[in-house]
2 protein chains.
Amino acid sequence: MDVHGRDLRYFAVVAEELNFTRAAERLFVSQPTLSKQIRMLEKQLGACLFHRDRRAVRLTEVGEALLPHARGTLAAWEAAEAAVEKASAAARHTLVIGMSTSPGRGLLPALRTRLVSRHPDATPVLRQVNWADPSAGLADGSSDVAFVWLPLPDGDRYQYAVVAQEPRLVALPRGHPLAARAAADPEGAVDFVDLLDEPFLALPPQAGPLREYWLALDARGDRAPRIGGVVASAEETHEAVANGQGVALLAVGNAPLVVRDEVIAVPVRGVSPSRLAVAARRNDERPLVLAYLAAAAKAGAGTS
Amino acid sequence: MDVHGRDLRYFAVVAEELNFTRAAERLFVSQPTLSKQIRMLEKQLGACLFHRDRRAVRLTEVGEALLPHARGTLAAWEAAEAAVEKASAAARHTLVIGMSTSPGRGLLPALRTRLVSRHPDATPVLRQVNWADPSAGLADGSSDVAFVWLPLPDGDRYQYAVVAQEPRLVALPRGHPLAARAAADPEGAVDFVDLLDEPFLALPPQAGPLREYWLALDARGDRAPRIGGVVASAEETHEAVANGQGVALLAVGNAPLVVRDEVIAVPVRGVSPSRLAVAARRNDERPLVLAYLAAAAKAGAGTS
DNA sequence: GGACGTCCATAGCCCATGGCTATCACAACA
DNA sequence: TGTTGTGATAGCCATGGGCTATGGACGTCC
């Protein structure tokens, strides 16, 4: 049914040389090995391929019929190998960068510059990922590296470099009572304790620890949050806040995406700052990935 | 470098199903076997072919690039198999019949008729072989069956059926003294003892026992023959006899090919008759070969 | 929330395959 | 007659490619 490509090579060379010993030398195998393999091939095909009378080896009719097809099959496989080589070289030079919302802060161009200075043929590709996946595509392999918010679920499966650490804001409807209070505040901020009774917009349950983080569970003690709705993108968040479904904690970097029209954002005292990191799978040690992480670590050191 | 065709099949089916378990069922192998083989293929190519995140299997870029070539290679091999099948079917139905000179006596059409009555798709092919090879192509495989003169060198390597047994003649120049003596003889014959001092034309040395047979060594006692020349065909024999190089024993069936112009042939008393047989290699038990031998045996029974 | 089903990976076993060396058999040739 | 060249054979060993059993990660359903 199937053949090993090797057997076709063997056959083709023997057919050229018409001499097992010389063919074996060309193929870097021993002559008995070659003899045996050709016999196996003949057995498999149920037909003799070579006449071996004492003196000379020559192709039978069947061998003659097989030869061009054998060469064709070998050529087809070589083309396949070439295609794989080309595609895999492209894959090796492509770095898919996952992100839920643009990290902003000039990070992307900065990291890109550092990456290509080290790997001139690298071609970074940006990929937008839904908030439902806090790993921004790392978990399912659709990203090679990703901008993620810490803490990451299954954190020990990833390696990361923190690139930004900033206070968190809360997004409110412009008419919300707390908006007025913030306006009166010397820092223009609110205290988290004043938010405890507000309904909160939450990430989807799959987000795991990240959902808890943006609900600031650690700052609530044992008081469970009220969930006003589930959101999976900046756009949904804007809508839900504007509609009064609830309020939501925000990273500074994401504020521009949510704040407009009837939605404002004000700083919150009493919650830990948010941390944005570039992450990759821990076992992923491809040069491009490591280079991007290194670039991120440098950028993080500069900004934090 | 090389691939086993099987691995390409495996890959193609997995790429279609995008599910190892189902693919394994279609391929009639266990799922672990399939997994392992695909991994081996990936290792060999040095590139991932499938993304396996928990839930779904899908092709990588490299896999995508390989798939059409894999199919192409498989198709090329299938074409090769078909060509081999066709050629080997033709070979199975072809019977190469070796002969040094036409056996005459209506044997060829008779045997052909019997052969095709048993094997309607058989196509007998006649092949002329030099007298230098007494096995008429059996020894080197260029004939499947052959008309041969007994005794055959390496006789135990062949199976045969005698198809004719006839007195031997001697070919003489028309002006030879023995020609006159034969004309005077009541049977128109000569005695072999009268030929003992004549120079004889002999077959090439490779003909072995057959050379000795046509020199009638057994009828000479210890008197070595004089060799007047070596001949390897009816035409050469005619020329050599006409030129007076020597005389030659002949089978009745071959006389018409040698006798003309200045060469005549007369019966010889005192030598054993010649025996013409259809032979094949002893270990050759292909149906067509056996059928031809059987037909020959029947013909021999009728004529001897 | 626990029991089950699905699906891929791993571990461990077994035999056929494909490689090797050494040697034989046979024809050609010197 | 011995030497050379060539293919086949024998016997050995490592690997490959198959299997079963099992694990682990999700979904799904009650």
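Below, read A as the first sequence line, B as the second, and so on, with proteins coming before strands; counting in each chain starts at 1. Quick caveat: nothing in here was measured; it's all calculated off a predicted structure.
Closest to the side chain of B:Phe20, out of C:dA9, D:dG17, D:dG11, is C:dA9. For B:Asn19, the side-chain atoms get nearest to C:dC7 when compared with the rest of C:dC7, D:dA21, D:dG7. The side chain of B:Arg22 sits closest to C:dC7 out of C:dA9, D:dA8, C:dC7.
Proximity of B:Ser35 to the phosphate of C:dC8: no side-chain N or O atom is located under 4.0 Å from OP1 or OP2. An OP1 or OP2 oxygen of C:dG19 is reached within less than 4.0 angstrom by a side-chain nitrogen or oxygen of A:Arg6. Taking 4.0 angstrom as the limit, A:Thr33 places none of its side-chain polar atoms (N or O) nearer than this to OP1 or OP2 of C:dG18. In terms of phosphate contacts, A:Thr21 brings a side-chain nitrogen or oxygen within less than 4.0 Å of OP1 or OP2 of D:dG7.
One atom, CG of B:Asp7, and another, C1' of D:dT15, lie 14 Å apart when rounded to the nearest Å. Counting to the nearest Å, the C1' atom of C:dT10 and the CZ atom of B:Arg39 are 10 Å from each other. Put simply, NE2 on B:His51 is 14 Å from P on C:dA9, counting in whole angstrom units. Rounded to whole Å, the distance from CZ on A:Arg52 to C1' on C:dC26 is 16 Å. Distance CG (B:Asp2) to P (D:dG17): 12 Å, rounded to an integer number of Å. Atom CE of A:Met40 is separated from atom C1' of D:dT9 by 15 Å (rounded to the nearest Å). One atom, CD of B:Gln31, and another, P of D:dT22, lie 15 Å apart when rounded to the nearest Å. Taking atom CD on B:Gln37 and atom C1' on C:dT10, their separation rounds to 15 Å, with Å as the unit.
Within 4.0 Å (heavy atoms only), A:Phe50 reaches no atom of the nucleic acid at all. Across all strands, B:Ser30 comes closer than 4.0 Å to base atoms (heavy-atom distances).
Relative orientation of the B:Phe147 and B:Tyr292 rings is perpendicular, given thresholds of 30° and 60° on the angle between their planes. Between A:Phe50 and A:Phe11, the two ring planes are tilted [angle within 30° to 60°].
Between A:Pro32 and A:Tyr10, it is A:Tyr10 whose nearest contact on DNA chain C lies nearer the 5' terminus.
Residue A:Gln31 qualifies as enclosed at atom CD: its count of foreign heavy atoms under 6.0 Å is above 12. More than 12 non-hydrogen atoms from other residues, nucleotides or ligands lie less than 6.0 angstrom from CD of B:Glu42.
In terms of modelled atom types and a separation under 3.5 Å, the side chain of B:Thr33 and the main chain of B:Val29 share no donor-acceptor contact.
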